[in-house]
Amino acid sequence: MKSRVGSQGSLEEGKDSVTKVVTQYNYKPLSIRLLQFLLLFLGIGIVFSLLSMCMVRYSVMQNVIPMVQSRFQPCFQQLSLESWIRPPSSLLHSMNDTQLFWRASIVPQIKEYPFNRTRKIAFMFLTRGPIPLAPLWERFFKGNEKLYSIYIHSLPSYKPDFPPSSVFQGRQVPSQEAKWGRMSMCDAERRLLANALLDISNEWFILLSEACIPLRNFKAIYHYISKSRYSFMGAVDEPGPFGRGRYNPNMAPEVNITDWRKGSQWFEVNRKLAVDIVKDEVYHPKFEQFCRPACYVDEHYFPTMLTIESPHLLANRTLTWVDWSRGGAHPATFGKADINDQFFKRISESPTCVYNNQPTSLCYLFARKFAPSALGPLLEHSTKFLGF
């Protein structure tokens, strides 16, 4: 009986051990399958992630490339000859003087222009405010729109009210206050020149005031200036207290007393001399520091500098007639009562001068100073006295 029980117990124990073995063999395939499944799932996840990253990067590149191309496209569109030679659509800009003078002094090194260039005269008006004689100038300019440009430098606080149809409308340049007899006056003139130089068609530059009038019609003035071999700036070596007496020895060695010149503020220069004036960094500091009242810088700076740099290009006279016969610091002013035959005869009978190395009786193309009251009779008799 005991042996049966023992045998039975052994059988039962053997049965249990067989069951354990079978169970262990059943668990191992299950754990391997689970591990394989997890590895497969992980692999699929990695592949999906890589595909997603590639798709995102492709999508971003597709969006970025057109954006970059669109950003660069205007630059390529501007790289044409037309964009370089087209005058500014507006005279207003945000450049300071340093930037403006740098931009205006950029000069092509090839003399021949690769396009049909119509040479224009830049009429530069240096004023404090309005231009009372504007209707006379409107009549003067009429019909010659392709041959001139207009630039106005006034006090920054002045707000012009020209009618929309006026040739002066929108011709104000960014300005600063200019004080008589100070370097700020010459800086205003350089500012006018620099703005006018931005139009590559401008070949000649005339400085005028609000009190100036033309003495000839437009065609006569254009012909006179365009055919001249010289620019019209006075540059006189004047002895005495009002000439060499204003020279300061501290200006040497850049400016010596033998170079010292005096001339009218109202000038005409060609494009080369205009660039020379705008780009100057040698003489400007000397005149700013050492030419102060009673040295009036607007009478000495440009005549002296151009005498040193380009004396062979100067006619050594001005085109603007003024009357100093009454004495004083300023020339005579003429009003309504002065506009008559005798007055203009006196101008035309001025002493002869030299034009292209030949004597001539036609010496003046402009005159000043005229009061607003002179406008009426000037308009009434412009055909008789002025030829337009």
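Residues: numbered from 1 along the sequence shown.
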Is it true that a side-chain atom of D338 and a backbone atom of K336 form a donor plus acceptor pair closer than 3.5 Å?
no

Test side chain to side chain contact (heavy atoms under 4.5 Å, CB included) on V282 and M305; report intermediate values, then the result.
CA-CA 9 Å; V282 176; M305 183 191 74; over 6 Å; no

Neighbour count above 12 (heavy atom, 6.0 Å) for Y113 OH
yes

Residue that, paired with S154, satisfies side chain to side chain donor-acceptor pair (under 3.5 Å) out of Q172, E210, R128
Q172

For the residue pair F123 and Y148, categorise the inter-ring angle as parallel (less than 30°), tilted (30 to 60°) or perpendicular (more than 60°).
perpendicular

Measure the shortest side-chain to side-chain distance between Q176 and D187 over non-hydrogen atoms and say whether it is less than 4.5 angstrom.
no

Under 4.5 Å between any side-chain heavy atoms of N250 and Q289, yes or no?
no

Rounded to the nearest 0.5 Å, what separation is found between the CG atom of L133 and the SG atom of C212?
9.0 Å

Would you kindly say whether N357 and Y230 are connected by a side-chain donor-acceptor distance under 3.5 Å?
yes

Residue pair D259 / T304: nearest heavy atoms and the distance that separates them
O-CG2, 3.5 Å

How long is the straight-line distance from CG of N270 back to CZ of F205, given to the nearest 0.5 Å?
8.5 Å

Taking F287 as the fixed residue, which of Y301, Y247, F302, Y296 is the one that meets the ring pair (Phe, Tyr, Trp, His ring centres under 6.0 Å) rule?
Y301

Can we call the ring centroids of F125 and W137 under 6.0 Å apart?
yes

Look at atom CD of E281 and say whether more than 12 heavy atoms of other residues, nucleotides or ligands are closer to it than 6.0 Å.
no

Taking atom types as modelled and ignoring hydrogens, do the side chains of S226 and R119 form a donor-acceptor contact shorter than 3.5 angstrom?
no

Are more than 12 heavy atoms from other residues, nucleotides or ligands located less than 6.0 Å from atom CH2 of W180?
yes

Any side-chain donor paired with an acceptor under 3.5 Å for N340 and H381?
no

Minimum heavy-atom distance between C363 and P351, given as atom pair plus value
SG-O, 3.5 Å

Can you spot which of R190, R191, R103 makes a salt bridge (Lys or Arg N to Asp or Glu O under 4.0 Å) with D97?
R191

Salt bridge or not between R244 and D237? Use side-chain N to carboxylate O under 4.0 Å.
yes

Between K179 and S184 (side chain of the first, backbone of the second, donor and acceptor by atom type, cut-off under 3.5 Å), is there such a pair?
no

Are any non-hydrogen side-chain atoms of E288 and V297 less than 4.5 angstrom apart?
no

Which atom names give the shortest non-hydrogen contact between D199 and S149, and what distance separates them?
OD2-OG, 3.7 Å

May I ask you to check whether T258 and N256 show a side-chain donor-acceptor distance below 3.5 Å?
no

Parallel, tilted or perpendicular: which one describes the rings of F218 and Y222, with boundaries at 30° and 60°?
parallel

Taking the side chain as C-beta and beyond, is there a heavy-atom pair between R139 and L386 under 4.5 Å?
no

Would you mind reporting whether K227 and Y355 have side-chain heavy atoms less than 4.5 Å apart?
yes

Any donor-acceptor pair under 3.5 Å linking the side chain of R368 with the backbone of L208?
no

F267 CZ to L306 CG distance, which is reported to the nearest 0.5 Å:
9.0 Å

For a quick test of reading the model, state the closest non-hydrogen atom pair linking S175 to L155 and the distance between them.
OG-C, 3.9 Å

Point-to-point distance, once rounded to the nearest 0.5 Å, from CG of L319 to OG of S264:
9.5 Å

Spacing of R246 atom CZ and N248 atom CG [to the nearest 0.5 Å]
13.5 Å

Does a donor on one side chain sit under 3.5 Å from an acceptor on the other, for Y151 and N202?
yes

Return the minimal non-hydrogen interatomic distance between I347 and A367, and the atom names on each side.
CD1-CB, 4.4 Å

Please round to the nearest 0.5 Å and tell me the distance separating atom CG of N316 and atom OG of S231.
12.0 Å

Kindly give the heavy-atom pair with the smallest separation between I308 and E254, and that separation in Å.
CD1-O, 3.8 Å

